Protein chains: 2
Amino acid sequence: MANRVDRTKEIMEATAKLLMEEGSEGLTLRKVASRCGISLSNLQYYYPGKTALLQAMAAHFFRVCEERVLAERDKVLHDDPASAQVFLKRLLTLMIVCELDDFYHVLFRELWALAARDATLAEGMRTYYCRYAAWLTSQINELFPRAETITSLLIPYSEGVALVGDAMPVSNEAMVSVWYQLITGQPDTVKI
Amino acid sequence: MANRVDRTKEIMEATAKLLMEEGSEGLTLRKVASRCGISLSNLQYYYPGKTALLQAMAAHFFRVCEERVLAERDKVLHDDPASAQVFLKRLLTLMIVCELDDFYHVLFRELWALAARDATLAEGMRTYYCRYAAWLTSQINELFPRAETITSLLIPYSEGVALVGDAMPVSNEAMVSVWYQLITGQPDTVKI
DNA sequence: ACCTGAACACCGTTCAAGT
DNA sequence: ACCTGAACACCGTTCAAGT
């Protein structure tokens, strides 16, 4: 028996799958409804518009991003609590090279597309990035000086790389070492 | 009498205006055609699909960006041919704080919004950023060492700032001086 | 070469109606 | 509260036909 929670979860998963398989241009309410075995109008009952559906996806996106970085920190600091260098290297690699997988990369672009026209979503995005910046600053602050400056350099850079990184003359992998040297003042000799 | 050049220019301007006024969601071929006083199918004659129209729009966008920076360089180097510092300061201010005026800032977001739904346009964007990066590198190369690295840092950062700059702990104005010191190795004492 | 209107398959949204 | 089908206005694309 499908209650409200099950149904919304089912819709969320169908939306995610559809985005992965057909890209953002292939995401239509009719297809989502069809995958859930419900009518188009019933989908509209749970999410009263396409924007509402994508807003829910946005919340999911932010949650995953946060968990991803937190997991990285815990993993490294568990291995060697004193190894600030390794954590930095991993953090830079995560932010610049790995970014997120394709699915979340598509979602990231789609969210900015929506935010350009949806003031509420745009404000939500800003709040998320403020929180993200504060958190990153506190993480860096324990290990390196000028944490606020580093954050203000690194977050915009990493988001920009997600857009234009593959068109730059220096590879993203090489840029990790550039950033490492920029922050520590020493050449990158960390192997991960 | 409208020849081909006039017609395409007219279409281009109508597209830009429409994007500005109604955003990427409001941009439809019918509206563009209507604004130009031509039929939908005639618009399709000049631009055989929506993607083709958007590609032309992107080309226009990048041309303006390039001209903007070139004008800035000429203005400064005319005043004092030796003043690489002033040019750098102006370039950084242009890229980080001013970016472009509102119109092109909106256009920038809308283009990425559209590129998320249009693979061909996304590839076109990549090509333009490659050219932009090569050009910026050549500009910097005459004045400062490690031009490719600077380009690979600065372009993604400036695009990222356009998205999340207002959520960072350090203001964009202050970040100009940070970048100045990063590139020159000296404190920013340039007044503009 | 330039331009038109009609038709096609699809989209998001709305709504009266059922359980 | 949950779900449906039909209808609406709109979209990009195609195409036979005009000048």
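Because only heavy atoms are used, hydrogens play no part in the values below, and waters and symmetry mates are left out as well, while side chains stay in. In what follows, every chain begins at residue 1, and chains take the letters A, B, ... in the order their sequences are listed. Owing to the predicted nature of the structure, the values given are computational and were not obtained by experimental measurement.
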Peer 1: Work out which heavy atom in B:Ala84 is nearest to a heavy atom in B:Phe144; give both atom names and the distance.
Peer 2: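 That closest heavy-atom pairing would be O-CZ, 4.1 Å.
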
Peer 1: How far apart are the closest heavy atoms of A:Leu92 and A:Ile183, and which atoms are they?
Peer 2: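 Between these two residues, the closest heavy atoms are CD2-CD1, 4.3 Å.
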
Peer 1: Can you work out whether B:Leu27 or A:Gly37 has the more 5'-proximal nearest nucleotide on DNA chain D?
Peer 2: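 Counting from the 5' end, the first nearest nucleotide belongs to A:Gly37.
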
Peer 1: Tell me the partner of D:dT14, counting only Watson-Crick (N1-N3 plus N6-O4 or O6-N4) or G-U wobble (N1-O2 and O6-N3) with both under 3.5 Å; none if nothing fits.
Peer 2: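 Base partner found: C:dA6.
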
Peer 1: Any N or O donor-acceptor pair linking the side chain of A:Ser39 to the base of D:dG5 at under 3.5 Å?
Peer 2: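 Looking at the base of D:dG5, it does not pair with any donor or acceptor on the side chain of A:Ser39 (distance under 3.5 Å).
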
Peer 1: Please check the phosphate of C:dC3 (OP1 and OP2 only) for any side-chain N or O of B:Tyr45 closer than 4.0 Å.
Peer 2: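 No, B:Tyr45 has no side-chain N/O under 4.0 Å of OP1/OP2 on C:dC3.
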
Peer 1: Taking all non-hydrogen atoms of both residues, which atom of A:Thr151 and which atom of A:Pro156 are closest, and how far apart?
Peer 2: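 Minimum heavy-atom separation between A:Thr151 and A:Pro156: O-CD, 3.8 Å.
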
Peer 1: Could you give the CD-to-C1' distance, from A:Glu22 to C:dC11, as a whole number of Å?
Peer 2: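 Rounded to whole Å, this separation is 14 Å.
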
Peer 1: Determine the contact category for B:Leu40: base if any of its heavy atoms lies under 4.0 Å from a base atom, sugar-phosphate if only primed atoms, P, OP1 or OP2 are that close, otherwise nothing.
Peer 2: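 It contacts base atoms.
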
Peer 1: How long is the line joining CG of B:Asn42 and C1' of D:dC15, in whole Å?
Peer 2: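 Computing the B:Asn42:CG to D:dC15:C1' distance gives 15 Å.
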
Peer 1: Take the protein atom CG of B:Leu54 and the nucleotide atom P of D:dT13, then report the distance between them rounded to whole Å.
Peer 2: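 Between P of D:dT13 and CG of B:Leu54: 10 Å.
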
Peer 1: Between B:Tyr46 and C:dA1, does any side-chain N or O lie under 4.0 Å from OP1 or OP2?
Peer 2: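 False: B:Tyr46 side-chain N/O out of range (4.0 Å or more) of C:dA1 OP1/OP2.
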
Peer 1: Grab the CD-P distance between B:Gln44 and D:dC11 for me, whole Å please.
Peer 2: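 In whole Å, D:dC11 P and B:Gln44 CD are 13 Å from each other.
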
Peer 1: Would you mind telling me which residue lines up with the more 5' stretch of DNA chain C, B:Ile38 or A:Gly26, judged by nearest nucleotide?
Peer 2: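 Of the two residues, B:Ile38 wins.
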
Peer 1: For the side chain of A:Lys50, counting heavy atoms from C-beta on, which of D:dT13, D:dC3, C:dG12 is nearest?
Peer 2: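 Among D:dT13, D:dC3, C:dG12, the one nearest the side chain of A:Lys50 is C:dG12.
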
Peer 1: First locate atom NZ of B:Lys31, then atom CD of B:Glu22, and finally report the distance between them rounded to the nearest 0.5 Å.
Peer 2: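 Answer for the NZ-CD pair, B:Lys31 versus B:Glu22, is 3.5 Å.
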
Peer 1: Would you indicate what B:Ser41 reaches in the nucleic acid, counting non-hydrogen atoms under 4.0 angstrom: base, sugar-phosphate, or nothing?
Peer 2: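 Since a base atom lies under 4.0 Å of B:Ser41, the category is base.
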
Peer 1: Using a 4.0 Å heavy-atom cut-off across all strands, classify A:Leu53 as base, sugar-phosphate, or nothing.
Peer 2: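 It contacts nothing in the nucleic acid.
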
Peer 1: Whole Å only: how far is the CG atom of B:Leu29 from the C1' atom of C:dC11?
Peer 2: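 Atom CG in B:Leu29 sits about 15 Å away from atom C1' in C:dC11.
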
Peer 1: Find the distance B:Arg7:CZ to C:dT4:P and express it as a whole number of Å.
Peer 2: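 These atoms are roughly 8 Å apart.
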
Peer 1: Expressed in angstrom and rounded to an integer, what is the separation of B:Lys31 atom NZ from D:dC11 atom C1'?
Peer 2: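 That distance rounds to 10 Å.
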
Peer 1: Rounded to the Å, how far apart are A:Leu43 CG and C:dT14 C1'?
Peer 2: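 So the two atoms are 14 Å apart, to the nearest Å.
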
Peer 1: Say you draw a straight line from CZ of B:Arg146 to CG of B:Asn141; how long is it, rounded to the nearest 0.5 Å?
Peer 2: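 It comes to 13.0 Å.
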
